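These figures come from a predicted structure and were not determined experimentally.
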Amino acid sequence: MPVPMSDDRPEAPYLELLVRGAPAEAYERPVLRARADKAPADRLAALERAKLLALRVRGELEGRRRREAELSALYETAHDLAGLRDLDAVLQAIVQRARSLLGTEVAYLTLNDPTAGDTYMRVTDGSVSARFQQLRLGMGEGLGGLVAQTARPYVTESYFHDPRFQHTHTIDAGVRDEGLVAILGVPLLLGSGVIGVLFAADRRARVFEREQTALLGSFAAHAAVAIDTAHLLAETRTALAELEAANEIIRDRSRVIERASEVHDRLTELVLRGGGVHDVADAVAEVLSGSVEFLEVDEAPAAAVDRSRADGHAVRDGEEDWVAAVSAGGELLGALVLRGHPRLDPMDQRTLERAAMVTSLLQLARRSAGEAEQRVRGELLDDLLDTPDREPRLLRERAARLRADLDTPHVVLAAGIEAPDTGTPAAGPGGTPGGSPGGAPGSGPGATPGSRSGGAPGGGSGSAPAEDAEGRRRLWSAASHLAVTRHGLAAARDGGTVLLLPLADGDTADALARRTARQLGTAVHAAVTVGASAPVPAPAARPGEVAAGYAEARRCLAALRVLGRAGQGAAAEDFGFLGLLLAGTREGAPDGTGVQDFVTRTVGAVIDYDERRGTELIRTLDAYFAGGMSPARTKDALHVHVNTVAQRLERIGRLLGPDWQSPARSLEIQLALRLHRLASAVGY
């Protein structure tokens with residue numbers, strides 16, 4: 001509300017203007033009205049003096065209001081810094097306040113890039129040019145470069161006409177696009193270094209006062225503090241994140257170490273109380289929270305086990321399995337398999353490897369305990385081979401203590417390891433490389449005691465290379481282990497290994513030989529050839545047949561090597577009529593049993609048909625082969641019609657099978673026909 005004043009006081013109208021906050025041009029009106037009213041000179045002079053005083057008061061009030069606004073802005077900026085969360089928002093607020101308080105059209109802030117060696121536009125307010133907002137300036141270029149070099153404020157009333165700083169085409173083009181003329185720049189200082197520049201600019205010529213330069217410098221100081229604080233906060237957050245990560249790693253390692261210690265304690269306890277490999281697997285499975293099992297050599301994944309043996313560490317097998325080889329002294333004993341772990345911590349991997357090591361120690365301990373049993377098994381088998389007149393009751397009792405039943409059918413198998421580079425035998429079944437199939441001194445069923453193994457590895461010739469002896473030792477060890485698992489007997493003999501294994505129902509000697517060759521070869525990592533005898537019905541009741549079976553198995557082994565089938569397994573029956581040469585005459589069997597078995601197996605169906613029906617199919621077969629397998633010559637020899645020959649041959653084909661005229665089958669059939677005629681002539 002206007003303050004009432006008497007009209008005769010010259011300062012009265014100016015006080016009213018000051019109260020209203022009138023603009024500066026309003027202070028001329030009282031003087032102009034007095035002149036229009038032709039006021040006296042002293043009245044006009046008093047009004048002039050009052051006007052000047054009023055304008056001075058108005059200027060002071062304006063300055064106070066401006067300083068109050070500046071202080072308020074600086075306070076708000078400090079408040080923003082105290083609660084700094086977003087550096088971009090703080091810098092934007094500083095630039096906006098600087099532009100508002102200085103009354104400029106544009107304000108902006110640039111920061112130095114030490115990596116690129118230049119400076120770039122960080123924040124702008126009031127800018128309309130995209131090129132200007134994306135400017136990057138070389139150090140020392142433009143007004144900003146001058147401020148950064150000298151660390152002092154600089155102002156230009158006309159940018160394009162100021163020669164104090166280095167003009168460049170890029171900078172001038174950006175400034176021209178923005179239309180800037182007057183520019184004030186102050187440095188952003190951290191210590192004694194300049195990290196950037198804060199600018200206020202107008203698109204017209206303008207003189208910036210010292211107070212404005214100081215105010216912009218205050219904002220620049222706040223901006224520098226904000227940037228430094230943000231950097232410190234970022235470094236602090238990074239350090240905290242690193243510490244948290246390190247702490248998490250320490251916690252994980254602590255948990256892993258606790259699990260490893262638990263596994264160590266449990267494995268130690270298992271060993272002390274005589275636990276087995278499956279107890280070890282159960283303990284590791286509980287600690288690693290997975291499924292762990294021990295697999296024998298022939299059950300373990302071969303490729304993964306080989307990689308584990310080569311690396312000396314547990315290896316991944318597929319997507320979720322880990323395999324650790326269990327080995328000792330270069331010999332593979334099996335594998336530990338951890339299932340259900342796509343990823344495995346290195347410490348847990350080491351735990352699995354230690355469990356595999358403990359398992360190998362348990363296996364070796366079990367082997368040491370079992371070697372005595374293996375020697376007993378070897379001695380029993382040696383007695384069966386060398387002393388066929390042993391009391392059956394004593395043989396049964398000794399076998400029962402070894403969990404073997406010698407009253408069931410068994411097969412005698414002769415096994416020999418082959419040299420890895422040539423496929424030739426490392427030591428033949430007769431004790432010499434290549435081996436004699438039989439009849440060599442000290443090698444047959446009636447050999448002297450010096451040829452017996454006594455259950456020890458080796459035997460045979462003492463002149464074999466050391467690596468051959470090592471191969472025979474590994475073969476004997478693997479065969480002994482197989483004999484234990486199959487409830488049979490095994491011994492090292494005549495430079496090779498002999499086994500007496502039970503024959504399961506539905507199994508054949510040939511299948512058992514092939515399976516044994518494969519299992520032993522996998523265990524010793526070398527080719528193993530196995531020859532098998534025909535089944536021995538009851539070794540305890542007829543021990544003499546074990547010695548005869550051994551001779552037959554050795555001849556079969558020699559035949560496999562001669563025929564280029566080293567590394568395979570077979571029985572005499574697998575060779576067709578060649579089995580007659582391998583099997584010979586079995587001890588205790590009537591002469592000619594082998595011949596009759598071959599004839600029956602080959603053409604028995606045709607002979608039976610003739611006997612039941614009174615036909616002449618055997619006679620037709622003789623005439624057919626005698627006539628060079630010609631139906632025309634056959635009908636002439638038999639004096640029958642050619643259609644009759646065709647019908648008989650069709651019947652023979654149904655009895656013998658569709659391949660009876662193949663070269664191999666026809667050779668066997670012709671030999672069987674001749675043996676049949678000979679047997680009929682001598683009355684077999």
Side-chain angles (χ1 to χ4, degrees), residues 23-25 59 62-63 65-77 80 87-111 119-137 141-148 152-188 196-224 226-227:
E25 58 270 18
E62 287 291 330
R65 281 195 294 269
R66 185 171 63 253
R67 284 193 292 276
E68 181 181 353
E70 292 171 357
L71 290 174
S72 176
L74 291 174
Y75 172 79
E76 291 175 359
T77 302
D80 290 342
L87 176 62
D88 289 339
V90 173
L91 294 181
Q92 188 69 47
I94 290 174
V95 171
Q96 288 175 348
R97 289 167 188 155
R99 177 192 175 199
S100 174
L101 290 176
L102 269 66
T104 58
E105 296 174 286
V106 181
Y108 54 98
L109 183 148
T110 63
L111 291 180
T119 183
Y120 63 96
M121 198 71 69
R122 181 69 167 79
V123 181
T124 65
D125 188 63
S127 172
V128 296
S129 168
R131 178 188 297 184
F132 181 78
Q133 295 168 11
Q134 298 172 5
L135 272 180
R136 294 191 74 96
L137 293 70
E141 297 177 352
L143 177 63
L146 184 62
V147 174
R152 295 174 54 191
Y154 271 87
V155 62
T156 178
E157 298 178 11
S158 178
Y159 173 83
F160 292 102
H161 297 92
D162 197 329
R164 291 177 299 166
F165 45 84
Q166 178 183 352
H167 289 266
T168 68
H169 173 73
T170 301
I171 299 174
D172 288 355
V175 173
R176 188 174 288 108
D177 277 1
E178 193 62 54
L180 301 181
V181 176
I183 303 175
L184 168 62
V186 295
L188 275 65
V197 180
L198 178 61
F199 297 89
D202 262 337
R203 295 184 176 91
R204 55 185 174 79
R206 171 179 175 170
V207 177
F208 289 96
E209 300 176 358
R210 284 180 299 175
E211 292 82 357
Q212 293 174 320
T213 302
L215 177 61
L216 193 62
S218 298
F219 281 115
H222 281 302
I227 294 170

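- Heavy atoms only, all atoms of each residue included: Val181 and Ala205 are closest at CG1-N, 3.8 Å.
- With contacts defined as side-chain heavy-atom distances shorter than 4.5 Å, the pair Arg97/Gln92 does not qualify.
- Here the closest heavy-atom approach between residue Ala201 and residue Tyr108 is recorded as CB-CE2, 4.3 Å.
- The pair Arg203-Glu178 meets the salt-bridge criterion, since a charged nitrogen lies less than 4.0 angstrom from a carboxylate oxygen.
- Panel note: side chain Arg99, backbone Ala200; no donor-acceptor pair is recorded below 3.5 Å.
- Here the straight-line distance linking atom OH of Tyr154 with atom CZ of Phe165 works out to 11.0 Å at 0.5 Å rounding.
- The backbone N or O of Ser100 lies less than 3.5 Å from no partner atom in the side chain of Thr104, so there is not a single donor-acceptor pair.
- Remark: Asp172 does not engage Arg176 in a salt bridge, criterion side-chain N to carboxylate O under 4.0 Å.
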**Q.** Derivation and outcome, side chain to side chain contact (heavy atoms under 4.5 Å, CB included), residues Ile171 and Tyr159
**A.** CA-CA 11 Å; Ile171 299 174; Tyr159 173 83; 3.2 Å; yes
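- With Leu184 as the partner, the side chain to side chain contact (heavy atoms under 4.5 Å, CB included) test is satisfied by one option alone out of Leu102, Thr156, Leu143: Leu102.
- The two atoms that bring Ser129 and Gly174 nearest to each other are OG-O, 4.5 Å, heavy atoms only.
- Going from atom CG of Asp177 over to atom CZ of Phe132 covers 10.0 Å, rounded to the nearest 0.5 Å.
- Side chain of Asp202 to main chain of Glu105: a donor-acceptor pair is present (N/O by atom type, distance under 3.5 Å, no hydrogens or angles).
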Q: Go through the steps for Ile183 and Val155 under the test side chain to side chain contact (heavy atoms under 4.5 Å, CB included), then give the verdict.
A: CA-CA 6 Å; Ile183 303 175; Val155 62; over 6 Å; no
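- Heavy-atom minimum distance, Val186 versus Ala220: CG2-CB, 3.6 Å.
- Minimum heavy-atom separation, Arg136 to Tyr120: NH1-CB, 3.5 Å.
- Here the rule is side chain to side chain contact (heavy atoms under 4.5 Å, CB included) with Arg122, and of Leu109, Thr110, Leu198 only Leu109 fits it.
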Q. Going through the checks in order, is the side chain to side chain contact (heavy atoms under 4.5 Å, CB included) test met by Leu137 and Thr170?
A. CA-CA 8 Å; Leu137 293 70; Thr170 301; over 6 Å; no
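- Here Asp162 contributes atom CG and Glu157 contributes atom CD; the two are 9.0 Å apart, rounded to the nearest 0.5 Å.
- Enclosure of atom CZ in Arg210 is not indicated, since only 12 or fewer non-hydrogen atoms of other residues, nucleotides or ligands lie within 6.0 angstrom.
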Q | Leu135 and Met121: CA distance, side-chain angles, deciding distance, side chain to side chain contact (heavy atoms under 4.5 Å, CB included) verdict | A | CA-CA 6 Å; Leu135 272 180; Met121 198 71 69; 4.2 Å; yes
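- Between the CG atom of Leu91 and the CG atom of Asp125 there is a distance of 12.5 Å, given to the nearest 0.5 Å.
- Formation of a donor-acceptor pair under 3.5 Å by the Gln134 side chain with backbone atoms of Arg131 is not found in this model.
- Here the closest non-hydrogen pair linking Val95 and Ala107 is CG1-O, 3.2 Å.
- Side-chain atoms of Thr124 never come within 3.5 Å of backbone atoms of Ser127 as a donor-acceptor pair (strictly under, hydrogens ignored).
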